[in-house]
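Data first, discussion second: the structure below is written as structure tokens.
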Amino acid sequence: MTTPAQTLGGMGHSVKRKEDPRFLRGKGRYIDDIKLPGMIYMDIVRSPYAHANITKIDASKALALPGVLAVITGKDLDAAGLAWMPTLMSDKQMVLPVDRVVYQAQEVAAVIATERYIAADGVQLVEVEYDPLPPVVDPFKALEPDAPLVRPDREQKNNHIWHWEAGDAAQTDAAFASAEVVVKEDLYIPRIHVCSIETCGCVASFDKVEGKLTIYMTTQAPHAIRTVYSLVTGIPENKIRVISPDIGGGFGGKVPVYPGYVIASVASIQTGLPVKWIEDRSENIQADSFARDYHITAELAADKDGTMKALRVKTLADHGAFDAAANPSKFPAGLFSVVTGSYNLQAAHVEVDGVYTNKPSGGVAYRCSFRVTEAVHTIERMVDVLAQKLGVDPADLRMKNFIQPESFPYKSPTGWEYDSGNYPAALQKAMAKIGYADLRREQAEKRARGELMGIGISTFTEIVGAGPSHTFDILGIKMFDSCEIRVHPTGSAIVRIGVQTQGQGHETTFAQIVAEELGLPVENITVEHGDTDTAPYGLGTYASRSTPTAGAATAVASRKIREKAKNIAAHLLEANPDDIEWSDYKFQVKGAPGRSVTMKDIAFAAYTNHPQGMEAGLEAVDYYDPPNLTFPFGAYICVVDIDRGTGAVKIRRFVAVDDCGNIINPMIVEGQIHGGLTMGMAPALLEGISYDENGNMQQGTFMEYLLPTAMETPVWETDKTVTPSPHHPFGAKGVGESATVGAPPAVVNAVVDALAHVGVTHIDIPMTPWKVYELLEAHGLAEG
Ligand code: CDP
């Protein structure tokens with residue numbers, strides 16, 4: 001029998017995605033689908049050098065090409081005060097260089113033309129003369145006194161950006177001094193790229209009569225972009241409209257403002273015509289949307305019985321030539337200080353130094369809550385390093401050191417307050433599902449036969465849902481989020497939210513929240529977002545913040561509507577409001593279930609028969625400032641087999657038990673986890689970007705940058721535990737990035753586990769077949 005909740009499509013139901021019919025039928029509306037009358041095109045000239053003075057730009061041949069309308073250079077922008085723009089991390093960044101380039105593929109000039117291909121031909125005809133300078137590529141060398149200076153524009157004449165630390169150094173030193181065992185490891189988490197299916201792009205359209213700039217933009221944060229645009233250009237905010245249509249993947253890479261957006265806007269203001277700019281695939285992979293690049297030294301102190309005591313971490317963060325990551329202002333290294341993870345430590349001290357190098361800006365929060373992937377990788381690897389040193393099972397060591405369920409809310413040594421958790425339950429469930437004890441037996445037998453099999457565990461804690469606004473802001477804009485609901489007379493509703501979907505299914509899940517709270521069917525609820533002229537102000541979608549912030553706002557706005565609706569119900573039922581209760585998705589008189597009205601009845605009355613003296617209508621808005629972040633978690637177990645002839649790592653099984661509190665839509669959550677696991681497995685085994693000593697990118701195409709295909713992707717076995725967040729209105733935590741964060745160390749731990757018997761303690765990612773084969777050779781394990 002279908003329950004009323006199923007009929008409505010409320011919380012906890014796998015409602016089919018409302019957005020899918022349009023995507024499946026090719027009716028999605030992405031940036032490149034937008035065609036405005038009179039639209040012209042932009043393409044970009046990029047630097048072949050990582051570091052060089054520009055001695056001359058000659059645009060005459062390009063300008064002579066029929067169809068080329070203009071060539072914009074840094075000098076043109078400089079005259080308008082727009083050669084530089086602020087970054088979201090309080091640094092500044094070149095829009096176009098006036099006299100010097102600082103990374104390979106940097107924008108040097110823009111060609112504006114009547115056709116896309118004419119613009120591309122024009123790019124070939126712009127003649128730029130460069131005087132190459134020595135680049136600095138290695139962040140350690142960048143800190144040496146005689147290193148080439150990446151940013152002479154700054155007052156500080158070295159490549160150090162900032163130093164940031166968290167935790168207590170003295171307490172940590174004391175805990176290390178009294179510890180019986182200390183393990184230490186250097187870990188490198190290389191630069192990787194987001195590689196969304198849709199590259200970055202925009203259509204900038206300036207209406208000279210209205211004086212209004214409309215930018216259709218692949219952005220995850222339209223409101224914040226509008227505010228920054230207004231502050232930089234002086235155009236009033238009501239004269240700027242940012243529309244973020246369907247987005248073909250964001251994953252953090254579409255939070256920053258890239259130069260192309262600004263140049264296209266300038267070109268439209270100058271010409272009065274709409275200007276389209278779409279990056280091609282090579283530009284996208286070479287110039288923007290880079291993440292990670294952390295060089296980490298971690299030490300973990302413990303007693304011989306396995307009691308973990310303290311963690312010390314020093315990190316060099318390579319940010320490239322501009323510090324353009326989108327981190328909350330107070331956290332230059334993002335939320336990396338959650339690095340103590342799921343474990344009850346006495347003390348921790350974490351230091352991070354940001355460094356400039358001659359590379360494109362890095363540090364985007366690629367499917368992770370501002371550097372949590374790096375933090376989880378560090379602690380999950382270190383726990384395994386310690387287990388190996390002590391000769392104990394990594395599952396037992398984790399069980400011994402977990403923060404216990406009764407210890408929540410738990411204050412971490414670096415200052416976070418975890419809201420809720422039950423780590424032993426998640427790990428027990430994962431171990432039972434995968435058959436851990438049997439796998440260990442199998443591994444011992446295989447090892448005796450010379451076969452290489454490994455089992456890796458990751459029991460991670462995430463931190464998602466920024467705000468609260470008292471601690472979190474980006475460029476001074478406080479981090480909260482919003483929802484506005486309007487119920488129409490016939491009982492349908494429009495819901496506008498401050499966050500912006502990029503494939504997560506918000507049009508479905510946010511409608512489900514309203515369906516649950518108001519008892520209106522999900523198909524009668526339309527969710528809108530991404531247009532700054534209509535959506536309430538929000539900080540955008542990244543870092544799995546939508547459900548914890550705007551999701552909460554949606555529930556609270558619904559409850560505001562329900563409060564008003566209760567008074568209308570009392571009026572309709574001729575009862576005292578105190579005698580009215582919300583039960584089974586309708587209002588009824590207490591003790592008289594037969595006397596009831598539905599929200600549909602009330603919606604009609606709100607416009608036709610509301611009580612005398614009450615305002616007509618049924619709508620509400622909420623700007624939700626969360627009291628804390630939410631802390632989803634999970635237990636992942638990965639089983640690998642290593643081919644001794646090729647070094648290839650095959651993931652034989654991967655069990656993922658996730659806990660994101662109460663779930664809105666189980667099918668969507670499972671989809672988020674499947675995608676996240678694939679995006680977590682990929683950097684562990686395949687993806688990684690490096691530069692040669694001249695700053696040339698080594699993986700500039702998909703021939704060298706290896707994205708996972710169905711061939712490499714195993715069957716993900718998922719399960720869940722449910723530990724609601726005590727402070728979220730319906731007990732949910734974010735989930736979008738959990739799997740990307742939790743998966744990499746599970747894979748690394750499995751590969752190291754397969755080789756632990758010959759003394760391997762760590763392997764840096766990506767663990768490509770060649771890298772693994774070299775290790776096999778070094779330890780006499782290679783075949784063939
Ligand atoms: O900010 P973003 O949407 O990327 O991340 P999220 O808040 O973790 O949500 C990802 C998707 O999963 C959204 O459609 C959520 O509504 C859904 N979700 C859910 O159904 N239940 C949860 N407890 C958390 C997220």
Side-chain angles (χ1 to χ4, degrees), residues 9-20 194 196 220-221 244 247 249-255 326 365-370 372 419-420 462-467 479 481-483 495 497-516 522 525 527 529-530 538-555 624 626 629-634 658-676 679 718 720-725 727-742:
M11 283 277 300
H13 298 290
S14 290
V15 172
K16 283 196 180 161
R17 296 189 353 146
K18 283 155 90 65
E19 41 275 87
D20 281 350
V194 167
S196 309
Q220 297 175 232
S244 187
I247 295 187
F251 307 113
K254 289 174 179 169
V255 179
Y366 173 9
R367 209 162 181 181
C368 99
S369 189
F370 316 115
V372 178
D419 58 348
S420 64
E462 257 262 61
I463 170 170
V464 305
M479 296 189 80
D481 231 287
S482 61
C483 172
V495 177
I497 50 178
V499 291
Q500 159 64 36
T501 194
Q502 311 117 40
Q504 297 93 327
H506 291 176
E507 288 166 48
T508 310
T509 48
F510 282 71
Q512 286 184 262
I513 300 170
V514 177
E516 178 71 26
V522 74
I525 299 164
V527 175
H529 44 52
L539 268 289
T541 295
Y542 39 87
S544 293
R545 64 184 299 278
S546 302
T547 306
T549 58
T554 304
Y624 187 81
L629 296 118
T630 66
F631 293 76
F633 58 94
D658 271 278
D659 193 320
C660 60
N662 290 331
I663 289 176
I664 306 165
N665 185 318
M667 179 194 68
I668 286 183
V669 166
E670 200 184 351
Q672 292 284 304
I673 291 168
H674 279 210
M679 282 181 147
T718 57
K720 65 169 190 293
T721 56
V722 177
T723 313
S725 167
H727 64 77
H728 185 275
F730 53 90
K733 303 179 179 187
V735 76
E737 59 202 21
S738 285
T740 310
V741 167

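When a ligand or atom number is given, it counts from 1 through the structure's own listing order.
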> Charged N to carboxylate O below 4.0 Å: is that the case for Asp481 and Arg545?
Replying inline: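 Result for this pair is yes, salt bridge flagged.
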>> Tell me whether Asp419 is salt-bridged to Lys733, with the criterion being a basic N under 4.0 Å from an acidic carboxylate O.
In response: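 Lys733 and Asp419: salt-bridged.
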>> Can you work out which protein residues put a heavy atom within less than 4.0 Å of ligand 1?
In response: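 Lining ligand 1 at under 4.0 Å, by heavy atoms, one finds Gln504, Gly505, His506, Thr509, Thr541, Ser544, Arg545, Ser546, Thr547, Pro548, Cys660, Asn662, Ile663, Ile664, Asn665, Ile668, Val669, Gln672, Ala732, Lys733, Gly734, Val735, Gly736.
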> Do any N or O atoms from the side chain of His728 and from the backbone of Thr547 form a donor-acceptor pair under 3.5 angstrom?
Replying inline: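 Confirmed, His728 side chain pairs with Thr547 backbone.
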> Counting only N and O atoms by type, is there a donor-acceptor contact under 3.5 Å from the side chain of Thr630 to the main-chain atoms of Pro548?
Replying inline: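 Not at all, since once roles are kept as given, no pair shorter than 3.5 Å links the two residues.
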>> Is it true that, when you exclude Lys18 itself, more than 12 heavy atoms of the residues, nucleotides or ligands shown sit nearer than 6.0 Å to its NZ?
In response: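 Counting neighbours around NZ of Lys18, more than 12 heavy atoms of other residues, nucleotides or ligands fall under 6.0 Å, so yes.
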>> Just to verify, what does Asn665 make a side chain to side chain donor-acceptor pair (under 3.5 Å) with, not counting sequence neighbours?
In response: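 Per chain and number, Asn665 pairs via side chain to side chain donor-acceptor pair (under 3.5 Å) with Gln512.
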